[in-house]
Peer 1: 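Quick one: this structure, given as structure tokens, is what I'll be asking you about.
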Amino acid sequence: MSDYKIETKCIQSGWEPKKGEPRVVPVYQSTTFKYDTSDQMGRLFDLEDAGYFYTRLQNPTNDAVAAKICDLEGGVAAMLTSSGQAANFYAIMNIAEAGDHIICTTALYGGTFNLFAHTLRKMGVEATFVDPEVSEEVLNAAFRENTKAVFGETISNPSLVVLDFEKFSKAAHAHGVPLIVDNTFATPINCRPFEWGVDIVTHSTTKYMDGHAVCVGGAIVDSGNFDWDAHKDKFSCLTQPDETYHGVVYTERFGKGAYITKATVQLMRDLGSIQSPQNAFYLNIGLETLHLRVARHCENAKAVASWLRDNDKVAWVHCPMLEGDQYYERAQKYMPNGACGVLTFGLKGGREASIKMMDSLKLIAIVTHVADSRSCVLHPASHTHRQMNDQELLEAGVQPDLIRFSVGIENAEDIIADLDQALQQIG
Ligand SMILES: *Cc1c(COP(=O)(O)O)cnc(C)c1O
């Protein structure tokens, strides 16, 4: 599929039915798959043959949808996970273990921050958080002997920092480790991180990819570009025999598929965060309109951001698509067709006015979600990020008065009219 344009890939990639087969990717609602001989099944367990045997590891519906996401990103292999959290957890733990270290930016989704700062630490993997605008010198000094990966978000949730891909990939590669990037907000429609030196991409498919707020899910995509064998000792998990599979060496046996194969046959086998095939089916329907929806989300967000900037009750607006925004130039470079439908703003009346305004909204709902078709707002300091103290909030780029506004694909005039009446309520 790789020669087609991205709009065509949204519709057609991942599932190529043969004569008489279903036109639409079917839900393989089966935990198990049948074989004729004991030997056939045995060869699957030794990874000598490829094939389905148990849905905890692989399922044809999931694989078709993962193949579509892989094609959209321009990768070589991909897998679905039960959530975005599972995707980021697996992406790191596939190459790090107790005693190891990772570097990540402070501009992260709250759940990812908790995972890296607290849960991974309990598991023995330490994270160093660096400012996304860190100098190359300070960034380079953060690497250690046991550093296994660098992690960032293309457009951070909710601080909307656009990642400096080139700075982070240069530093990661100079120290022989991959750059892993969560591309949830930009989606491959607006940005394909592999074109800028990123090695592995993750997604919360719960957001724009699903797009309708119906299923929690995640994905991991490998560019195939990182040379694990060039850093054999650092990545012995991929380059040395795995005794749980009679000594298979992933890079030798699976080449560019090594990273995703290991995550599937080891982490998915042992931890089991598989996406249900039914959810993958819904995700696939969402993906078919991703290109249409993302364009409209961006168009509406730009209109709403400009309107907010001209409103005298509004203290500040942050939207990387708005000229004059701190990240406007970088967004123009990495995602010239648009960034995302999420913007943030604060009111002159501060935290209290923000809450009053939100409570007065009629069309726009208060929900713990972003990036689906319906407009919604959230106050991160009271909701998603409430576990963070003020210092951590500011480091994550979240001001206490910040309202996260996920602009939907309704008519922009109706969205603006609702904002207008709610702003009038605060007097
Ligand atoms: C929502 C989100 C996640 C977590 O994904 P879930 O599907 O909710 O587990 C990770 N990263 C980003 C950028 C997100 O927005």
Peer 1: Counting only heavy atoms not in Lys170 (residues, nucleotides, ligands), do more than 12 fall under 6.0 Å from its NZ?
Peer 2: no
Peer 1: Please find the pair of heavy atoms, one from Pro22 and one from Trp15, that lie closest to each other, and give the distance.
Peer 2: O-NE1, 3.0 Å
Peer 1: For Lys18, give me all partners under salt bridge (charged side-chain N to carboxylate O under 4.0 Å, His left out), at least two apart in sequence or on another chain.
Peer 2: none
Peer 1: For Thr184 and Asp182, which I'm curious about, is there any donor-acceptor pair between the side chains at under 3.5 Å?
Peer 2: yes
Peer 1: Please collect all side-chain hydrogen bond (donor to acceptor under 3.5 Å, both in side chains) contacts where either partner lies in residues 292-308, sequence neighbours excluded, each pair once.
Peer 2: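 Listed by first then second residue: Thr289-Arg293.
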Peer 1: Considering residues at least two apart in sequence or located in another chain, which fulfil the side chain to side chain contact (heavy atoms under 4.5 Å, CB included) criterion with His175?
Peer 2: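 With neighbours one apart ignored, the set is Asn140, Phe143.
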Peer 1: Please work out which of the three classes, parallel, tilted or perpendicular, describes the rings of Tyr334 and Trp196, given edges at 30° and 60°.
Peer 2: perpendicular
Peer 1: Tell me the closest heavy-atom pair linking Met357 and Ala422, and the distance in Å.
Peer 2: O-CB, 3.6 Å
Peer 1: Looking only at the side chains, is there a donor atom on one of Ser354 and Asp401 sitting less than 3.5 Å from an acceptor on the other?
Peer 2: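 The criterion, which ignores hydrogens and geometry beyond distance, is not satisfied for Asp401 and Ser354.
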Peer 1: Can a donor-acceptor pair be found between the side chains of Thr239 and Asp229 at a distance below 3.5 Å?
Peer 2: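 There is no such pair between these side chains.
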Peer 1: If every non-hydrogen atom of Ile416 is compared with every non-hydrogen atom of Ala303, which pair is closest and at what distance?
Peer 2: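 That closest heavy-atom pairing would be CD1-O, 4.1 Å.
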Peer 1: When you compare the side chains of Arg269 and Thr244, does any donor N or O come within less than 3.5 Å of an acceptor on the partner?
Peer 2: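 A pair is found: one side chain offers a donor N or O, the other an acceptor, under 3.5 Å apart.
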Peer 1: I'd like to check Lys148 versus His101 (side-chain heavy atoms, cut-off strictly below 4.5 Å). Are they in contact?
Peer 2: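 When only atoms from C-beta onward are counted, His101 and Lys148 do not touch, as no gap falls below 4.5 Å.
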Peer 1: With Arg43, which residues qualify under salt bridge (charged side-chain N to carboxylate O under 4.0 Å, His left out), at least two apart?
Peer 2: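 With neighbours one apart ignored, the set is Glu48, Asp49.
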Peer 1: If only atom types and distance count, is the side chain of Thr81 paired as donor or acceptor with the main-chain N or O of Ser273 below 3.5 Å?
Peer 2: no
Peer 1: Checking Ser30 now: which residues fulfil side chain to side chain contact (heavy atoms under 4.5 Å, CB included) with it, not counting sequence neighbours?
Peer 2: Thr32
Peer 1: Quick one: salt bridge (charged side-chain N to carboxylate O under 4.0 Å, His left out) partners of Asp131, sequence neighbours excluded?
Peer 2: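 Counting only residues at least two positions away or on another chain, Asp131 forms no salt bridge (charged side-chain N to carboxylate O under 4.0 Å, His left out).
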Peer 1: Hey, does Leu343 have a side-chain heavy atom less than 4.5 Å from the side chain of Val304?
Peer 2: yes
Peer 1: Name all residues meeting the side chain to side chain contact (heavy atoms under 4.5 Å, CB included) criterion together with His291; count only those two or more places apart in sequence or in a different chain, and write none if there are none.
Peer 2: Glu7, Cys10, Ile11, Ile189
Peer 1: Would you list the pairs meeting ring-ring contact (aromatic ring centres under 6.0 Å, His included) in which at least one residue belongs to residues 236-287, sequence neighbours left out?
Peer 2: Trp228-Tyr259
Peer 1: Any Lys/Arg nitrogen of Asp36 or Lys34 sitting under 4.0 Å from an Asp/Glu carboxylate oxygen of the other?
Peer 2: yes
Peer 1: What closest approach, in Å, do Asn62 and Gln275 show between heavy atoms, and which atom pair accounts for it?
Peer 2: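 Closest pair (atom of Asn62, atom of Gln275, distance): ND2-O, 2.8 Å.
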Peer 1: Can you run down the ring-ring contact (aromatic ring centres under 6.0 Å, His included) pairs that involve residues 40-80, sequence neighbours left out, and say none if there aren't any?
Peer 2: Phe33-Tyr52, Phe45-Phe53
Peer 1: Kindly assign one of parallel, tilted or perpendicular to the pair Phe226 and His173, based on the angle between their ring planes and the thresholds 30° and 60°.
Peer 2: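 Ring orientation of Phe226 relative to His173: tilted.
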Peer 1: Which residues pass the side-chain hydrogen bond (donor to acceptor under 3.5 Å, both in side chains) test with Asn284, not counting sequence neighbours?
Peer 2: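 Once residues adjacent in sequence are excluded, the partners of Asn284 under the side-chain hydrogen bond (donor to acceptor under 3.5 Å, both in side chains) criterion are Lys68.
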Peer 1: If you count the non-hydrogen atoms of other residues, nucleotides and ligands that lie under 6.0 Å from CG in Asp46, is the total more than 12?
Peer 2: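 Above 12, so yes.
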Peer 1: Residues two or more places apart in sequence or in another chain: which of them pass salt bridge (charged side-chain N to carboxylate O under 4.0 Å, His left out) with Glu166?
Peer 2: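 Only Lys333 meet the salt bridge (charged side-chain N to carboxylate O under 4.0 Å, His left out) criterion with Glu166.
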Peer 1: List the steps and the verdict of side chain to side chain contact (heavy atoms under 4.5 Å, CB included) for Thr344 and Gln399.
Peer 2: CA-CA 10 Å; Thr344 58; Gln399 297 91 320; over 6 Å; no
Peer 1: Kindly determine whether Ser375 and Phe405 satisfy side chain to side chain contact (heavy atoms under 4.5 Å, CB included), including the steps that lead there.
Peer 2: CA-CA 7 Å; Ser375 289; Phe405 186 3; 4.1 Å; yes
Peer 1: For Arg351, what residues pass the side-chain hydrogen bond (donor to acceptor under 3.5 Å, both in side chains) criterion, not counting sequence neighbours?
Peer 2: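 Applying side-chain hydrogen bond (donor to acceptor under 3.5 Å, both in side chains) to Arg351 gives none.
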